[in-house]
Amino acid sequence: MARDTTALSRRDVLKTSGAAGVAGLAGLAGCTGGGGGDSEYPALGNYPVEGDEVVFGFNVPQSGSYSQEGADELRGYNLAVEHLNNGGGWVDDWEDLSGEGVLDKTVTAVEGDTATDPDTARQSATRMINRDNAIMITGGSSSGVAIAVQGLCQEEKVLFQCCITHSNDTTGSECVRYSFREMFNAYMTGQALAPVLRDEYGEDLNFYQLYADYSWGQTQQASMEQFFTEVGGWSQIESVPTPLGTSDYSSYLSDVPRDETDVLVLNHYGLDAANSLPQAIEAGLDQDMEIVVPLYNRLMAEAASGSIDGIFGTADWNWQLEDDASQSFVEVYRAEHDRAPSYGARIAYTQTLQYAAAVERAGTFYPPEVIRQLEGHEYSGAGLGEESMRACDHQAQRDVLVMQGASEQEQTEDKLLNIVSQTPRGDIGYACDAGPAAECELGEYGDE
């Protein structure tokens, strides 16, 4: 989308002023202002925002194996921009938002392609920050990408609103002050899924794991091992890494000991899961053991639709939830795109509105003040009941859905999964000195 390029930006001045330095830029902030009380703070990141528009950066996979997921994220992002500027959807129900832009500035957006590659994602986000003056970056459908981009945003003092990232590390060992996550994580998947599987399949079973060998798969594997052992009294036979992007899992599946294994856990996501699950079914493993895919998404469910019948997993959100906020979002999304939204679209929509609402509460785009508005914020109206954005690790504390694949007879274009349970946030989560949060050191606000 076009933006005002006539105003002299802070980065333009930086390029031309050379040794003018931060002190000079702080003076510039005081002269140019930026609306909404911006002039009372020094320049930082892409603050102050000049002109009548503010730019958000949507950095999603537009090519490669997660491109379909990226397209749905963009639909959620663009719907959020439309509603922030003109009202509609959740904007009409969130008291912090007006439907007249953010701090009286029209929201515009730039889009980038992460290609689900951390280096490519950082390059794309760098362009958004340096060339387009994006005040906030959001997007992605890989924990490797999210961790890479949130590190960049911490360095550049530009807020990052995570989209699809499920690794414990995102708000654990790799957490940063300038990043916030609405999505649940692998640790919470283990907490929600283990009791359901224990009740369904029994105790004292043997399980065998395959996992994608990168940040998400590694923490997913560790969390499944912890909670299946603690909650169900299950014993792990072996846990085997598989390269991200594997298309042929036959050699890994042939090594699964059929006579010992009660449950096979496939810690694969997206097209990886769409390959590994059908291949496990074709190999007849489901005749000898139960199969679990801990994290579902639409892409995987659509591609593996003939194999998901009865398979348990978790999901961030589902269009079948009957609360007012969920159905409001489904209605506006369906009116625009003639189909139900995925959970990626909901996260994208939610994270954009959460940032905008925090800016309105702060009365400024100055990043440290916006961060302080998000930290510890209690909210609802995002489709999952009461939530909080915890201050100690920037991880949303919220309900988690346990799902089960629908039979082929039940399946429609929109309905591929059934909701088994909505685990309350009070039954999952962890203290600030426990679990992934114990490894989190957020770093500085930038105004210390």
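By convention here, the first residue in the shown sequence is residue 1.
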Non-hydrogen side-chain atoms of Arg346 and Met183 separated by less than 4.5 Å: no
Close side-chain approach of Met224 to Tyr211, heavy-atom, < 4.5 Å: no
Among Gln236, Gln220, Glu238, side chain to side chain donor-acceptor pair (under 3.5 Å) partner for Gln209: Gln236
Whether Asn318 side chain and Gln320 backbone form a donor-acceptor pair below 3.5 Å: yes
Whether Asp113 side chain and Pro61 backbone form a donor-acceptor pair below 3.5 Å: no
Donor-acceptor pair, side chain of Thr352 and main chain of Ala348, under 3.5 angstrom: yes
N/O donor-acceptor pair under 3.5 Å between Ser326 side chain and Asp323 backbone: no
Nearest non-hydrogen partners of Ala396 and Glu387, listed with the distance: CB-OE1, 4.2 Å
Verdict with reasoning, Thr219 to Asp169, per side chain to side chain donor-acceptor pair (under 3.5 Å): CA-CA 7 Å; Thr219 65; Asp169 291 344; 5.5 Å; no
CZ-CD distance between Arg398 and Gln395, expressed to the nearest 0.5 angstrom: 8.0 Å
4.5 Å side-chain heavy-atom contact, Leu193 and Val400: no
Heavy-atom side-chain proximity of Leu152 to Ile129 below 4.5 angstrom: yes
Side-chain donor/acceptor of Trp94 to backbone N/O of Gly381, under 3.5 Å: yes
Chi angles and distances behind the side chain to side chain donor-acceptor pair (under 3.5 Å) call for Glu100, Asn85: CA-CA 5 Å; Glu100 298 177 349; Asn85 288 331; over 6 Å; no
Selection residues 292-304 - residue pairs positive for salt bridge (charged side-chain N to carboxylate O under 4.0 Å, His left out), sequence neighbours left out: Asp72-Arg298, Glu302-Arg339
Separation of Ile147 CD1 from Ser215 OG (nearest 0.5 Å): 3.5 Å
Minimal non-hydrogen separation, Val196 against Ser421, with atom names: CG2-OG, 4.2 Å
Stepwise side-chain contact (heavy atoms from CB on, under 4.5 Å) test for Asp447 and Tyr366: CA-CA 10 Å; Asp447 63 349; Tyr366 185 58; 3.3 Å; yes
side-chain contact (heavy atoms from CB on, under 4.5 Å) between Asn168 and Ser223, intermediate numbers included: CA-CA 9 Å; Asn168 294 335; Ser223 293; 2.9 Å; yes
Over 12 foreign heavy atoms within 6.0 Å of CD, Gln68: no
Donor + acceptor pair across side chains of Asp414, Thr412 (<3.5 Å): no
Short side-chain to backbone donor-acceptor contact, Ser388 and Glu378, under 3.5 Å: no
Contact check, side chains of Leu353 and Val91, non-hydrogen atoms, under 4.5 Å: yes
Evaluation steps, side chain to side chain donor-acceptor pair (under 3.5 Å), between Tyr269 and Glu69: CA-CA 12 Å; Tyr269 186 71; Glu69 199 159 52; 2.8 Å; yes
Contact summary for Tyr349 and Gly89, nearest pair of heavy atoms: OH-CA, 3.6 Å
Side chain proximity check, Phe365 to Val102, heavy atoms < 4.5 angstrom: yes
Ring centers of Tyr355, Phe56 separated by less than 6.0 Å: yes
side-chain hydrogen bond (donor to acceptor under 3.5 Å, both in side chains) involving Thr242 - partner list, sequence neighbours excluded: His268
CH2 on Trp90 to CG on Asp324, rounded to 0.5 Å: 11.5 Å
Met389 vs Tyr379 side-chain heavy atoms within contact, under 4.5 Å: yes
Ala437 to Asp393 - nearest heavy-atom pair and separation: CB-OD2, 3.4 Å
side-chain hydrogen bond (donor to acceptor under 3.5 Å, both in side chains) pairs, two or more places apart, involving residues 134-154: Tyr77-Thr138, Ser143-Thr165, Gln150-Ser179
Disulfide (SG to SG under 2.5 Å) partners of residues 72-177, not counting sequence neighbours, each pair once: Cys175-Cys440
Whether over 12 other heavy atoms sit under 6.0 Å from Glu444 CD: no
Flag side-chain contact, heavy atom, 4.5 Å: Glu360 against Leu103: yes
Side chain Asp92, main chain Gly88, donor-acceptor under 3.5 Å: yes
Approximate separation, where rounding is to 0.5 Å, of Gln411 CD and Leu417 CG: 8.0 Å
Closest contact, heavy atoms only, Phe312 versus Val420: CE2-CG2, 3.9 Å
Donor-acceptor contact below 3.5 Å, side chain Thr246 vs main chain Asp248: no
Atom pair CG (Asn46) and CG (Leu159), whose distance is rounded to the nearest 0.5 Å: 11.5 Å
Closest non-hydrogen atom pair between Val158 and Ile135, with its separation: CG1-O, 3.5 Å
Residues forming a ring pair (Phe, Tyr, Trp, His ring centres under 6.0 Å) with Tyr187, sequence neighbours excluded: Phe227, Tyr430
Test side chain to side chain donor-acceptor pair (under 3.5 Å) applied to Gln422 and Asp399, step by step: CA-CA 6 Å; Gln422 182 170 347; Asp399 296 357; 2.9 Å; yes
Phe207 and Phe228 aromatic ring geometry - parallel, tilted or perpendicular at 30°/60° bounds: perpendicular
CD-CH2 distance between Glu331 and Trp319, expressed to the nearest 0.5 angstrom: 14.0 Å
Partner set under salt bridge (charged side-chain N to carboxylate O under 4.0 Å, His left out) for Glu155, not counting sequence neighbours: Arg122
Pi-cation contact, Tyr445 with Arg372 (under 6.0 Å, within 45°): yes
side-chain contact (heavy atoms from CB on, under 4.5 Å) evaluation trace for Tyr296 with Ile308: CA-CA 10 Å; Tyr296 267 115; Ile308 63 174; 3.8 Å; yes
Working for side-chain contact (heavy atoms from CB on, under 4.5 Å), residues His394 and Arg177: CA-CA 8 Å; His394 294 187; Arg177 181 72 63 184; 4.1 Å; yes
